[in-house]
Amino acid sequence: KMQKCKDISVVDKKFLNSRFENADMNCDHMRLGKKYVENFLKKDKQIGLLFYGGVGTGKTFTTACIANYLMERGKTVLVINLGLYLNKLTIEWAEAEMNILEQVEKCDLLVIDDFGGEKGLDRNNTGWRAEKIYNLIDARYRSEKPLIISTNLNFNQDENKCEISEKFSSHGHNRIRDRIADMCFPVKVTGESRRGMSK
């Protein structure tokens with residue numbers, strides 16, 4: 001089960017090397033992440049998290065720390081990059097989607113990294129894209145298991161000010177944003193970009 005999640009997950013060496021012991025634990029989002037994993041191991045049901053904020057503020061690093069902490073303690077964690085996932089579906093179609101959604105429903109934690117940052121997709125096919133993203137999130141919703149998302153898009157309780165609504169609404173409906181709002185506690189990650197800074 002753990003190997004299947006690892007095979008589907010898209011992680012690089014930097015992701016795998018992300019640890020709470022290497023983190024600046026003075027940051028609110030890092031402290032929240034550490035508390036989250038500690039509670040995760042104690043409870044059967046856990047609410048998800050939505051890390052949102054500017055580029056390079058540590059959202060992916062935080063989700064990687066969470067994922068690695070839990071995997072090292074025997075939890076199955078599936079990590080998906082939304083852009084790569086959608087590209088995979090354009091090539092492999094139904095079979096790929098069916099296999100991945102099966103793992104999405106089974107794993108202990110699903111992490112979607114860089115939500116809304118997908119590039120190189122056909123802008124004229126936004127309906128197809130929204131449907132596939134909704135299917136992914138809805139599969140997790142129906143399994144009643146937690147989801148963690150990191151995104152550069154702004155989240156707002158007001159749908160009219162929410163970039164997730166703006167980017168993923170389909171025919172005036174915000175089903176994707178509504179599912180995320182139901183499943184995840186929003187955490188704004190602030191601060192200057194750390195990209196290119198040595199640790």
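Keep in mind it's a predicted model, so treat the numbers as computed, not measured. Because only heavy atoms are used, hydrogens play no part in the values below, and waters and symmetry mates are left out as well, while side chains stay in.
- Taken to the nearest 0.5 Å, the CD atom of Glu105 stands 12.5 Å off from the CD1 atom of Ile100.
- Proximity of Pro186 to Phe51: side-chain heavy atoms (C-beta onward) are nowhere separated by under 4.5 Å.
- Of the possible donor and acceptor atoms, one in the side chain of Thr62 sits under 3.5 Å from a partner among the backbone N and O of Gly58.
- To the nearest 0.5 Å, atom CD1 of residue Ile149 and atom CG of residue Leu50 are 6.0 Å apart.
- Ion pairing between a basic and an acidic side chain is recognised when a charged N comes within 4.0 Å of a carboxylate O; Asp138 and Arg179 show such pairing.
- Partner of Asp114 under the side chain to side chain contact (heavy atoms under 4.5 Å, CB included) criterion, chosen from Ile80, Leu82, Asn152, Thr151: Asn152.
- Two residues are said to be in side-chain contact when any heavy atoms from C-beta on lie closer than 4.5 Å; Ile148 and Tyr36 meet this criterion.
- For the pair Glu97 and Tyr85, the minimum side-chain heavy-atom distance is below 4.5 Å.
- Taking Arg73 as the reference, nothing meets the salt bridge (Lys or Arg N to Asp or Glu O under 4.0 Å) condition, with sequence neighbours excluded.
- Atoms CG and CG, from Leu70 and Leu41 in turn, are 5.5 Å apart once rounded to the nearest 0.5 Å.
- A search for ring pair (Phe, Tyr, Trp, His ring centres under 6.0 Å) contacts involving Phe20 returns Tyr69, not counting sequence neighbours.
- With a 4.5 Å cut-off on side-chain heavy atoms, Val111 and Leu147 do not count as touching.
- Looking only at side-chain heavy atoms (C-beta outward), Trp128 and Leu86 come within less than 4.5 Å of each other.
- Under the 3.5 Å distance criterion, the side-chain polar atoms of Lys188 are left unmatched by any main-chain donor or acceptor of Tyr52.
- With Asn17 contributing its side chain and Lys13 its backbone, the two residues share a donor-acceptor pair below 3.5 Å.
- Among residues two or more places apart in sequence or in another chain, the salt bridge (Lys or Arg N to Asp or Glu O under 4.0 Å) test is passed with Glu21 by none.
- With salt bridges taken as basic N to acidic carboxylate O contacts below 4.0 Å, none links Asp178 and Arg175.
- Panel note: side chain Ser165, backbone Lys161; no donor-acceptor pair is recorded below 3.5 Å.
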Between Val187 and Leu32, is a side-chain contact (heavy atoms from CB on, under 4.5 Å) present by the stated rule, with each step listed? CA-CA 9 Å; Val187 180; Leu32 188 144; 4.2 Å; yes
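- Using a 4.0 Å cut-off between a side-chain N of Lys or Arg and a carboxylate O of Asp or Glu, Lys106 and Glu102 qualify as a salt bridge.
- For the residue pair Arg140 and Leu110, the shortest heavy atom distance occurs at NH2-N, 3.5 Å.
- Counting heavy atoms from C-beta outward, Met183 and Ile137 have side chains that approach closer than 4.5 Å.
- Here the straight-line distance linking atom NZ of Lys34 with atom SG of Cys27 works out to 14.5 Å at 0.5 Å rounding.
- Proximity of a side-chain donor or acceptor of Lys59 to a complementary backbone N or O of Gly54 within less than 3.5 Å is detected.
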Tell me which donor-acceptor pairs under 3.5 Å the side chains of residues 153-160 have, and how far apart each pair is, sequence neighbours excluded?
unit_1, atom_1, unit_2, atom_2, d
Asn156, OD1, Asp158, N, 2.8
Asp158, OD1, Asn160, N, 2.9
Glu159, OE1, Asn174, ND2, 2.6

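- Contacts of Ser150 classified as side-chain hydrogen bond (donor to acceptor under 3.5 Å, both in side chains), with partners at least two apart in sequence or in another chain: Asp113.
- When all heavy atoms of Ala139 and Leu101 are compared, the closest pair comes out as CB-CD2, 4.1 Å.
- Contact annotation: the side chain of Met30 approaches that of Cys65 to within less than 4.5 Å [non-hydrogen atoms, C-beta and beyond].
- Here NE2 of His29 is found 8.0 Å from OG1 of Thr190. Values are rounded to the nearest 0.5 Å.
- Heavy atoms only, all atoms of each residue included: Leu136 and Val104 are closest at CD1-CG2, 3.6 Å.
- Glu38 places none of its side-chain heavy atoms less than 4.5 Å from the side chain of Lys43.
- Taking each heavy atom of Asn68 and Phe15 in turn, the nearest pair found is ND2-O, 2.8 Å.
- For Asn26, the side-chain hydrogen bond (donor to acceptor under 3.5 Å, both in side chains) partners two or more places apart in sequence, or in a different chain, are Asp24.
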